[in-house]
*Asks:* 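Following this message is one structure expressed as structure tokens.
Sequence lines set the chain letters: A, B, ... in the order given, protein chains first and strands last, and positions in each chain run from 1. Since we're looking at a predicted model, the values are computed, not measured.
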Amino acid sequence: MAREVNTVLTIATLLPDLLGTYGDGGNGLVLAQRARQRGVHALLVPVELGQEIPEASIYLLGGGEDGPQRLACDLLSKSSFKQRVDNGATVVAVCAGLQILGHSFSVEGNDRYQGLGLVDVETTRGTSRSVGELCARVGDRTLVGFENHGGHTTLGPGISPFGQVLRGRGNDGAVDGYRTGRIWATYAHGPVLALNPWLADLVLESVLGYELEPMQSVADQLYAERCAALSPR
Amino acid sequence: MSMDPSARNRLAILAVRTVNWGSRVTRRGSGTVAGGRIGLQLSPKLLSALARGRTTIVVSGTNGKTTTTAMVAAGWGGDVTTNATGANMPAGHVAALVESSYANAALEVDEAWLPEVVREVGPAVVVLLNLSRDQLDRANEVRQMAERWRRCLSTESGFRGTVVANANDPLVVYAAMGATNVRWCDIPTRWMADAKSCPRCTLAVHYQVSTWSCTCGFAKPTTLSTTLHDGLTVDGVDVPLELSIPGAFNEANAALAITALDEVGVSPLDAVQRINAVRAVAGRFTLRQWNGHTLHLLLAKNPSGFDALLSTVEDDDADVWVAINARIADGRDPSWLYDVPFEKLRGHRVWCLGDRRLDLATRLDYGGVAFEVVNDVDRIPASPEPVALLANYTAFSEWLARSTPC
Ligand SMILES: [Zn+2]
């Protein structure tokens with residue numbers, strides 16, 4: 001297994017003060033810890049309001065309320081974020097973060113708002129708010145999580161969904177999130193990577209470019225328990 | 001056929017009394033919410049009718065409602081009607097006001113119900129403690145809550161009372177600013193994570209040592225009626241605060257309670273004597289016994305509550321028990337565990353209890369905190385010292401029922 005010993009893996013959590021409503025900071029912690037436990041030198045950097053966006057291998061976008069979501073989108077569109085993504089950075093986005101990356105999204109009374117346009121998707125206001133457990137099939141894996149949002153997201157022709165919804169709503173009741181190049185997006189908010197250790201490792205492997213050694217921890221027990229609780233029999 | 005309103009209210013009150021009596025006799029319930037609910041069905045304006053002629057202080061906020069309400073009731077002196085069982089929605093208020101007809105009432109109010117209760121009760125004083133994320137699967141957005149509070153307390157809404165407000169919480173300040181009479185209280189407030197972005201304009205709020213402000217001009221109020229730094233001062237009077245219950249956050253709660261009572265004519269020097277003597281509130285702050293263990297049972301329902309309690313856990317290597325459920329009353333999504341700075345417990349061993357003990361254990365594992373997952377509570381080895389047991393809402397109730405007072 002080839003491994004660059006001196007690589008520093010920088011994981012940046014973007015605007016946690018605006019996009020961090022549902023324990024979303026957990027995703028950065030999980031990535032960093034799982035990398036460190038495999039001997040990778042990982043650096044976790046929260047990028048708060050007013051700070052420059054540093055160069056990083058992985059950028060994380062969390063969920064947020066309507067006003068902060070708009071502000072986060074404004075700030076990111078004026079920042080170096082788009083350029084860094086074009087240059088090859090990986091992005092993991094949940095909930096509001098998922099919406100911001102698209103062409104447009106709707107907040108507060110259906111006003112349409114321009115997104116970052118990094119992915120060909122758009123989000124309109126759904127007829128109701130979706131609050132509850134979310135479970136989706138991703139290839140031969142099961143994604144478990146919790147969603148709390150009012151969005152209805154439509155994917156453009158070339159965009160693949162991240163998973164097929166088994167329970168909950170996701171984008172539209174049928175599929176959840178999207179996966180394109182180096183961007184991963186799901187409506188499963190908060191610590192989705194803590195609940196799904198396989199997904200955390202998949203993201204890390206895609207960035208590091210090699211297969212990680214298997215690792216066992218209590219997170220596997222949690223994952224098994226949530227799968228048993230949420231998967232339709 | 002229509003019934004005249006006072007006859008309708010009399011009938012409703014009779015119904016509340018009957019249901020409360022019935023549920024007490026049959027021990028099915030504590031005789032609070034069920035009766036109140038039926039009363040409100042029979043007479044939707046019942047709460048307003050029951051509150052008429054009384055002097056009412058209502059207390060709301062994310063953390064500290066029950067304790068602060070108990071302090072208001074104790075500090076007032078004499079007989080006070082209060083919803084001490086924690087039933088803090090209108091049905092609970094109706095039940096409490098039917099049960100006793102004292103002229104003074106102290107009511108704890110759920111954050112989401114504050115606008116309705118203020119409209120119906122017309123309180124003399126509204127105490128706003130703090131506002132942070134709690135049960136987001138039910139309440140959704142904390143900024144929306146601040147906006148709803150602001151509307152119900154504004155001059156335009158007809159509110160004529162006084163707001164006693166925490167000047168260090170930008171969301172509370174935003175909510176209180178529309179009111180005509182506000183007493184701003186400068187009390188230590190640790191949790192700012194939910195107000196990093198300005199409630200008025202969403203830009204960044206800048207925090208300095210003892211103040212905060214935003215570039216839009218929204219800032220900490222400068223006319224402070226109450227300050228709690230080295231000591232408590234209410235309207236220029238030094239008040240000897242020496243609580244019997246622990247925690248810096250309880251001193252802040254007491255400061256707000258004493259200010260609210262000052263507003264209805266109770267001297268702070270009288271109120272503080274009575275509040276200093278409060279030893280326990282709804283099973284909290286007391287030592288309990290269970291199965292050979294001595295437990296210091298502590299309730300925390302959300303990140304800010306946990307943050308406050310974690311800093312009271314003694315800085316040694318003692319074991320700590322943490323019990324987490326995610327039932328309806330707790331909020332069904334335990335994502336918030338990642339907003340709690342559990343890293344403070346490094347050096348302790350944490351015993352993970354409750355329905356969602358694996359969520360907790362995973363959080364602790366990633367935070368570098370030693371943990372044990374407890375699948376069978378009878379197997380926890382006895383420890384010679386009292387153990388701190390931090391539990392969220394329904395887990396706290398379970399442990400309160402399971403244990404006995406020391
Ligand atoms: Zn502002």
*Asks:* What part of Glu225(A) gets closer than 4.5 Å to chain B, counting heavy atoms only: side chain, backbone, both or neither?
*Replies:*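 Contact with chain B is through the side chain of Glu225(A) alone.
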*Asks:* Do the numbers put Arg363(B) on top of the ring of Tyr338(B), so that NZ or CZ is under 6.0 Å from the six-membered ring centre and no more than 45° off the axis?
*Replies:*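 Here Arg363(B) passes the 6.0 Å and 45° test against Tyr338(B).
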*Asks:* For Arg151(B), check side chain to side chain contact (heavy atoms under 4.5 Å, CB included) against everything at least two apart and list the hits.
*Replies:*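 Arg151(B): side chain to side chain contact (heavy atoms under 4.5 Å, CB included) contacts with Glu147(B), Arg148(B).
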*Asks:* Under a 4.5 Å cutoff for heavy-atom pairs, which residue among Gly50(A), Gly132(A), Gly20(A) has the most contacts with chain B?
*Replies:*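 Heavy-atom pairs under 4.5 Å are most numerous for Gly20(A).
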*Asks:* For Leu337(B), is it the side chain, the backbone, both, or neither that has a heavy atom closer than 4.5 Å to a heavy atom of chain A?
*Replies:*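 Looking at Leu337(B), nothing touches chain A.
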*Asks:* Of the backbone (N, CA, C, O) and the side chain (C-beta and beyond), which part of Leu195(A) lies under 4.5 Å from a heavy atom of chain B, both, or neither?
*Replies:*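 Just its side chain gets close to chain B.
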*Asks:* What do you reckon, is CD of Gln208(B) surrounded by more than 12 foreign heavy atoms closer than 6.0 Å?
*Replies:*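 Counting neighbours around CD of Gln208(B), more than 12 heavy atoms of other residues, nucleotides or ligands fall under 6.0 Å, so yes.
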*Asks:* Name the region of Glu147(A), side chain, backbone, both or neither, that has any atom closer than 4.5 Å to a heavy atom of chain B.
*Replies:*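 Answer is neither: Glu147(A) stays 4.5 Å or more from chain B.
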*Asks:* Tell me which one of Val369(B), Leu390(B), Asp319(B), Val373(B) satisfies side-chain contact (heavy atoms from CB on, under 4.5 Å) with Val350(B).
*Replies:*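 Passing option: Val369(B).
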*Asks:* Pair Tyr178(A), Phe162(A) - check ring pair (Phe, Tyr, Trp, His ring centres under 6.0 Å), show working.
*Replies:* CA-CA 4 Å; Tyr178(A) 48 82; Phe162(A) 182 54; 9.3 Å; no
*Asks:* Tell me which of these, Leu18(A), Val30(A), Asp24(A), Leu49(A), has more heavy-atom pairs under 4.5 Å with chain B than the rest.
*Replies:*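 Between Leu18(A), Val30(A), Asp24(A), Leu49(A), the count favours Val30(A).
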*Asks:* Checking heavy atoms, do the side chain of Arg226(A), its backbone, both or neither come under 4.5 Å from chain B?
*Replies:*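 For Arg226(A), the side chain is the part near chain B, not the backbone.
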*Asks:* Heavy-atom pairs under 4.5 Å with chain B: which of Gly64(A), Ala219(A), Pro191(A) has the most?
*Replies:*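 Option with the top pair count is Pro191(A).
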*Asks:* Out of Leu364(B), Asp365(B), Asp359(B), return the one with the most heavy atom pairs under 4.5 angstrom to chain A.
*Replies:*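 It is Asp359(B).
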*Asks:* Think Arg169(A) forms a cation-pi with Tyr187(A), using NZ or CZ under 6.0 Å from the six-ring centre and within 45 degrees of its axis?
*Replies:*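 Arg169(A) over Tyr187(A) ring: no.
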*Asks:* Listed by chain and number, what are the side chain to side chain contact (heavy atoms under 4.5 Å, CB included) partners of Ala326(B), not counting sequence neighbours?
*Replies:*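 Side chain to side chain contact (heavy atoms under 4.5 Å, CB included) check on Ala326(B) returns Pro334(B), Arg356(B).
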